[in-house]
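Here is the structure we will look at.
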Protein chains: 2
Amino acid sequence: MIRVMIADDHQLFAEGLSQALDILPDARVVGVVDSGPALDAALLNQPAEVSIVDIEMPGGDGIDAIAGLGSRTRAIVVSMYASDDQRTRAETAGAKAFFSKGVPLMTLAAAIRAVADGEDLIGLDDTSRDEVLERYGEARLDPGAASLTVREREILALLAAGVSATDELAERLYISQKTVKNHLASIFQKLAVSDRTQAAIEAIRLGIARPN
Amino acid sequence: MIRVMIADDHQLFAEGLSQALDILPDARVVGVVDSGPALDAALLNQPAEVSIVDIEMPGGDGIDAIAGLGSRTRAIVVSMYASDDQRTRAETAGAKAFFSKGVPLMTLAAAIRAVADGEDLIGLDDTSRDEVLERYGEARLDPGAASLTVREREILALLAAGVSATDELAERLYISQKTVKNHLASIFQKLAVSDRTQAAIEAIRLGIARPN
DNA sequence: GGTCATATGAGCCGTGCGGCCCATGAGCGA
DNA sequence: TCGCTCATGGGCCGCACGGCTCATATGACC
């Protein structure tokens with residue numbers, strides 16, 4: 001599940017995009033803000049892998065804002081009137097992609113997946129960029145935890161119950177530590193997380209395990 | 001918070017002990033079972049740092065049960081009629097402490113703290129053992145998360161929100177990675193956990209952070 | 001019979017994590 | 001003034017964790 005934050009002062013656009021992205025099985029809009037500083041503040045309390053940032057916003061340029069975000073989120077800059085020097089400025093500020101607001105939604109969706117996966121689209125020429133987007137055209141697996149196998153759910157449940165060490169997990173399940181790590185790697189990929197802490201939280205959030 | 005599981009077929013004793021231990025600010029009884037196999041099964045779904053195991057139980061000797069528990073829990077064996085050969089058998093099975101049911105509650109409480117802290121009491125002679133128990137006579141800190149500082153709560157909240165990597169935590173808080181690790185080490189000690197996964201779960205359980 | 005998903009397991013490797021001890025400065029209360 | 005807590009850092013170290021590729025066996029499905 002890719003968490004997306006939207007920064008745009010045009011409510012109609014922002015909320016419409018929010019609704020549209022929520023249709024995607026592999027992305028979820030976790031917040032909408034209307035200025036650069038507000039984006040910065042929102043990300044403090046609500047992590048998001050990807051942020052969609054408009055250039056034209058009151059109270060400071062959107063590009064100035066993302067320069068100060070560091071690795072907190074990966075920024076995709078969108079502009080009403082896309083120009084080459086805007087693209088250059090976005091790249092300098094550390095944005096991972098740059099689009100005109102005229103692109104199809106599915107292109108943006110593909111870009112979100114690509115950027116969340118670590119791709120950097122902004123420096124590419126058009127043909128290379130389209131090639132990458134092509135690869136991310138389809139939704140990345142599971143609507144939640146649907147694709148988890150039974151064994152993977154067992155491991156997640158234990159993890160969320162506090163059994164975090166590999167050797168303990170292996171003992172409980174009567175399998176080798178190596179197999180535990182293999183299952184965990186598979187879980188990480190399916191839940192789009194990067195370590196067992198995030199997996200445990202996600203397991204609780206998805207209702208696979210109860211917090212108590 | 002030390003999680004304790006009690007295995008004893010005498011309900012009066014088990015539940016009484018459960019109530020008594022729950023008074024302690026640093027321990028919590030998370031389950032009561034009445035046989036060795038039931039202990040094994042209960043620990044699969046409910047981790048416990050320490051288990052109080054009675055020797056005299058129907059359906060298999062309590063000592064036989066703990067031999068198969070591995071590192072899932074540290075066992076403290078209690079017996080109605082403590083004998084030297086029972087103590088020897090308990091030691092062989094991997095128990096960390098052995099007591100007659102005649103000992104004062106506070107002695108058992110001290111033993112629970114000692115065993116949870118990694119001490120092995122069963123091989124010690126009486127004077128050495130009493131020395132160790134003396135050191136663990138007082139409750140180990142916090143009634144829950146009361147002793148956490150403001151900064152530590154901030155870090156916990158971020159952790160439970162999915163910000164699990166040290167470098168990301170440092171960026172959000174505008175402090176060095178080293179300081180983040182120092183705070184985390186302090187949190188681990190106060191919550192009696194051993195890694196950030198368990199800390200995040202505990203934070204959710206304590207209501208410091210919401211799962212969603 | 002062939003293909004696919006699942007569960008099991010191995011090896012290799014870089015580095016992030018957690019344990020340990022220590023230092024400094026600010027703030028506060030005895 | 002002394003002592004304490006807290007937040008901020010540093011250094012060191014062992015090892016567990018996560019990323020990668022690969023192998024094998026077992027069912028289910030077609």
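The shown structure was predicted, so the numbers you read here are calculated from the model rather than taken from an experiment. Protein chains get the first letters and strands the later ones, always in sequence-line order, with residue 1 at the start of each. Atom set for the values below is all heavy atoms of this structure, side chains included, hydrogens, waters and symmetry mates excluded.
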Contact state string [nucleotides 14-30 of chain C, B base, S sugar-phosphate only, - no protein heavy atom under 4.0 Å]: ---BBS-----------

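Around the CD atom of A:Glu131, the shell of radius 6.0 Å holds no more than 12 heavy atoms that belong to other residues, nucleotides or ligands.
The backbone N or O of B:Ala185 lies less than 3.5 Å from no partner atom in the side chain of B:Asn182, so there is not a single donor-acceptor pair. Remark: side-chain polar atoms of A:Arg196 are not paired, donor with acceptor, to backbone N or O of A:Leu159 under 3.5 angstrom. Side chain of B:Thr88 to main chain of B:Asp84: a donor-acceptor pair is present (N/O by atom type, distance under 3.5 Å, no hydrogens or angles).
Between B:Ser51 and B:Leu43, some side-chain heavy-atom pair lies under the 4.5 Å cut-off.
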Start with the C-alpha gap between B:Leu156 and B:Leu191, add the side-chain angles, then the distance that decides, and say whether side-chain contact (heavy atoms from CB on, under 4.5 Å) holds. CA-CA 11 Å; B:Leu156 258 184; B:Leu191 296 185; 3.8 Å; yes

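Direction change of the helix axis from one end of the helix from C:dG1-D:dC30 to C:dA30-D:dT1 to the other is 50°, with five pairs defining each end axis (rounded to 10°).
With sequence neighbours excluded, no residue forms a salt bridge (Lys or Arg N to Asp or Glu O under 4.0 Å) with B:Glu171.
Between A:Leu169 atom CG and D:dA16 atom C1' the separation is 13 Å, expressed in whole Å. Atom P of nucleotide D:dG9 and atom CD1 of B:Ile155 are separated by 11 Å, given to the nearest angstrom. The NE2-C1' distance, from A:His183 to D:dG19, rounds to 17 Å in whole Å. Between the C1' atom of D:dC6 and the CD atom of B:Glu154 lies a distance of 13 Å, rounded to the nearest Å. With rounding to whole Å, A:Glu168 atom CD is found 13 Å from D:dA16 atom C1'. We find that CD1 of A:Ile187 is positioned 12 Å from P of C:dT8, with the value rounded to whole Å. A:Gln189 has its CD atom 14 Å from the C1' atom of C:dA5, to the nearest Å. Rounded to whole Å, the distance from OH on A:Tyr174 to P on C:dA7 is 18 Å.
Applying side chain to side chain contact (heavy atoms under 4.5 Å, CB included) to B:Ile55 and the options B:Asp8, B:Val78, B:Val77, B:Asp64 leaves one that passes, B:Val77.
Regarding contacts with the backbone of D:dG9, a side-chain N or O of B:Ser176 is found under 4.0 angstrom from either OP1 or OP2. Residue B:Thr179 places at least one side-chain N or O closer than 4.0 Å to OP1 or OP2 of D:dG9.
Atoms CG and CD, from B:Leu169 and B:Glu154 in turn, are 11.5 Å apart once rounded to the nearest 0.5 Å.
For B:Arg151, taking side-chain heavy atoms from C-beta onward, the closest of the listed nucleotides D:dT8, D:dC6, C:dT8 is D:dT8.
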